[in-house]
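Below is one structure, written out as structure tokens; the observations come after it.
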Amino acid sequence: MRKYILALITVLIFNLTNAQETVIIPDLDSRVITTGVPFLLIASDARAAGMGDIGVATSADANSQQWNPAKYSFSLAKSGIGVNYTPYLSRLVNDIFLGNITYFNRLNERSAFAVSFKYFSLGEIEIVQDEFSDALIEQPNELTLDASYSLRLADQFSMAVALRYLRSDLRIQSVDANAQAAGSIGVDIAGFYQSEEQAYDSFNGRWRAGFAFQNLGPKIKYDDAGRENFLPSTMRLGGGFDFIFDDYNKLAVTAEFTKLLVPTPPELGTRITYNESGDNPGFQDDEDEVLSEEENYIIAGQDNDVSFAKGIFQSFGDAPGGFSEELQEFTWSLGAEYVYQDSFAFRAGYFNESEEKGARKFFALGAGFKYTTINIDLSYLFSASKVQSPLENTLRFSLTFNFLDGEYDEY
């Protein structure tokens, strides 16, 4: 008798279980990583832009603050000022631009400091409320102010730390009088290696390598009820080699890999649990009773609503597609710079990003001219992707003043 009762209970449990079905309807949202203040990822100086947005392991210049401030400890100039101008969306408007000014000073043979100001203007926005009102003009903008200190820990290796204040004023005061500008702080940690000049069969050479962890800091939020956005925390790794053919000709080649240290959006969907009517087993129809409906259900990946510190570590292993998708989140660049008599420079580079993670692909060309202590650099970008770059057909300018009093001639 006991066996029959157990069998009956088993059948009832089996029937009840099969009468309840769960389906998951996946969302079709992209898993491209987005952040706040994305203008920080725009190459602001023409030299780096002309080599495909490469700068973490190139030789030191006045604009090293934007890529790797540890390079300042290897600067041949005692101090310098870099001024940069980059038009943005120039094919559509003429008042959106990125401007940057940097000052550095090498304190002694082992240390240096630098300060920098970056300003991104989104132009003028004209708001017309109705046909009887005068137009209101808004000028949203974003900016950063940062300072760095670099120290040479060995003859060939230095490290640096930078502190950055960020302010994003995208508010439209005429629409929301309570809107406020958002602010945050970020920290950079960087290192740079540059070997002594070595003799090879038909040329001399020098190795370079660098790393930088940039914009490490709290999330940025535009209002109390708004969504918190991650800063564009970034890891840069790079290496290169200088071919020194003689006193007049030098060719530098560099490769760089970059990854956003921001969690990957998980694969989401809607999870529906219902009781089957019995007429059409395995498929939900109008006669089925919906027991629960859960939106934003995580199908794969991890919840990205975490602190910035946890997000940095989570970003290395949270892609829903596993290790292959993690690799897709790396961008890479190849660049070369030919210098003749330390007076003329010609540059070329290529930048590549996965199709699934933004599809930015472009070629870049650049040139530089030096007259006494003044450097003028230009760069131009050609898109190589179906997704056209906002900097397509844009000419970028950089002007550098190097003060050579007390020049460090180490090589």
Side-chain angles (χ1 to χ4, degrees), residues 32-33 38-68 71 82 84-90 98 100 118 190 192 207-212 214 232 234-243 250-260 327-339 344-369 375-398 400:
V32 174
I33 299 174
F39 80 98
L40 292 177
L41 300 175
I42 303 173
S44 60
D45 65 291
R47 184 191 178 211
M51 292 186 284
D53 289 6
I54 283 180
V56 75
T58 53
S59 58
D61 61 15
N63 297 298
S64 296
Q65 181 88 330
Q66 318 307 319
W67 305 95
N68 186 346
K71 297 192 296 183
N84 308 291
Y85 176 78
T86 300
Y88 200 75
L89 290 173
S90 58
L98 175 66
N100 174 238
K118 185 182 291 186
F192 182 68
W207 291 96
R208 294 172 281 101
F211 71 86
Q214 299 178 307
T234 307
M235 177 183 70
R236 298 184 183 275
L237 304 172
F241 185 79
D242 295 336
F243 294 88
K250 182 177 74 173
L251 176 65
V253 292
T254 308
E256 185 170 316
F257 296 88
T258 304
K259 186 186 189 306
L260 280 173
L327 291 179
Q328 291 176 353
E329 295 180 356
F330 280 85
T331 65
W332 57 268
S333 305
L334 293 174
E337 178 183 50
Y338 170 74
V339 179
F344 302 96
F346 301 95
R347 307 180 183 105
Y350 175 72
F351 179 94
N352 183 85
E353 183 177 56
S354 169
E355 295 281 351
E356 288 73 23
K357 295 297 178 178
R360 289 178 299 160
K361 302 175 190 290
F362 58 81
F363 293 96
L365 294 176
F369 312 91
N375 289 65
I376 301 174
D377 295 294
L378 308 170
S379 71
Y380 197 76
L381 182 149
F382 304 90
S383 182
S385 169
K386 296 179 181 178
V387 180
Q388 194 173 60
S389 170
L391 295 166
E392 175 79 12
N393 299 325
T394 296
L395 191 63
R396 283 182 263 193
F397 304 88
S398 291
T400 303

Please step through side-chain contact (heavy atoms from CB on, under 4.5 Å) for the pair T58 and K71, ending with a clear verdict. CA-CA 8 Å; T58 53; K71 297 192 296 183; 2.9 Å; yes
Please name all residues satisfying ring pair (Phe, Tyr, Trp, His ring centres under 6.0 Å) with F363, sequence neighbours left out, ordered by chain then number. Y350
With sequence neighbours left out, the residues meeting side chain to side chain contact (heavy atoms under 4.5 Å, CB included) with E355 are A359, K361
To check you understand the geometry: which heavy-atom pair defines the closest contact between T394 and P87, and what is its length? CG2-O, 3.3 Å
Those residues that, when tested against S379, pass side chain to side chain contact (heavy atoms under 4.5 Å, CB included) (two or more places apart): A46, A49, R396
Just how far is it from atom OG1 of T258 to atom CG of L237, taken to the nearest 0.5 Å? 8.0 Å
If you compare all heavy atoms of Q214 against all heavy atoms of Q66, which two are closest, and at what distance to 0.1 Å? NE2-O, 3.1 Å
Shortest non-hydrogen contact between A336 and L251, atoms and distance: CB-CD1, 4.4 Å
How close do R208 and A57 get, heavy atom to heavy atom, and via which atoms? NH1-O, 2.5 Å
Kindly write out the residues that satisfy ring pair (Phe, Tyr, Trp, His ring centres under 6.0 Å) with F257, not counting sequence neighbours, or none if the list is empty. none
What pairs with T86 under side chain to side chain donor-acceptor pair (under 3.5 Å), at least two apart in sequence or on another chain? none
Could you list the residues that satisfy side chain to side chain donor-acceptor pair (under 3.5 Å) with T234, not counting sequence neighbours? none
Return each pair, listed once, that meets salt bridge (charged side-chain N to carboxylate O under 4.0 Å, His left out) where at least one residue sits in residues 50-61; pairs must be two or more places apart or across chains. R47-D61
Residues in side chain to side chain contact (heavy atoms under 4.5 Å, CB included) contact with S333, at least two apart in sequence or another chain: I54, F351
Rounded to the nearest 0.5 Å, what separates atom CE in M235 from atom CG in L260? 10.0 Å
Salt bridge (Lys or Arg N to Asp or Glu O under 4.0 Å) involving D377 - partner list, sequence neighbours excluded: R347
Ignoring hydrogens and geometry, is there a side-chain-to-backbone donor-acceptor pair from K357 to T331 under 3.5 Å? no
Roughly how far, to the nearest 0.5 Å, is CD1 of I376 from CZ of F369? 8.0 Å
Are F382 and Y380 close enough that their ring centers fall under 6.0 Å? yes
Just do the side-chain contact (heavy atoms from CB on, under 4.5 Å) check on E353 and F362 with the steps written out, would you? CA-CA 9 Å; E353 183 177 56; F362 58 81; over 6 Å; no
Could you give the distance from CD (Q388) to OG (S383), rounded to the nearest 0.5 Å? 6.0 Å
Taking side chain to side chain contact (heavy atoms under 4.5 Å, CB included) as the test, write out the residues that go with F39, two or more places apart. V37, I42, L98, K118, F120, E142, T144
Let's go through L378 and F397 carefully: what are the C-alpha distance in whole Å and the side-chain angles of both, what is the deciding distance for side-chain contact (heavy atoms from CB on, under 4.5 Å) to 0.1 Å, and is it a yes or a no? CA-CA 5 Å; L378 308 170; F397 304 88; 3.2 Å; yes
Testing the basics here: between W67 and N63, what is the closest heavy-atom pair and its distance to 0.1 Å? CD1-O, 3.7 Å
My understanding is that only residues two or more places apart in sequence, or in another chain, count here; which of them pass side chain to side chain donor-acceptor pair (under 3.5 Å) with S44? none
Is the side chain of E256 donor-acceptor paired with the backbone N or O of V56 at a distance under 3.5 Å, no angle test? yes
Yes or no on side-chain contact (heavy atoms from CB on, under 4.5 Å) for V339 and F344, after CA distance, side-chain angles and deciding distance? CA-CA 6 Å; V339 179; F344 302 96; over 6 Å; no
Taking side chain to side chain donor-acceptor pair (under 3.5 Å) as the test, write out the residues that go with K250, two or more places apart. none
Is there side-chain contact between L391 and Y88, with at least one heavy-atom pair below 4.5 Å? yes
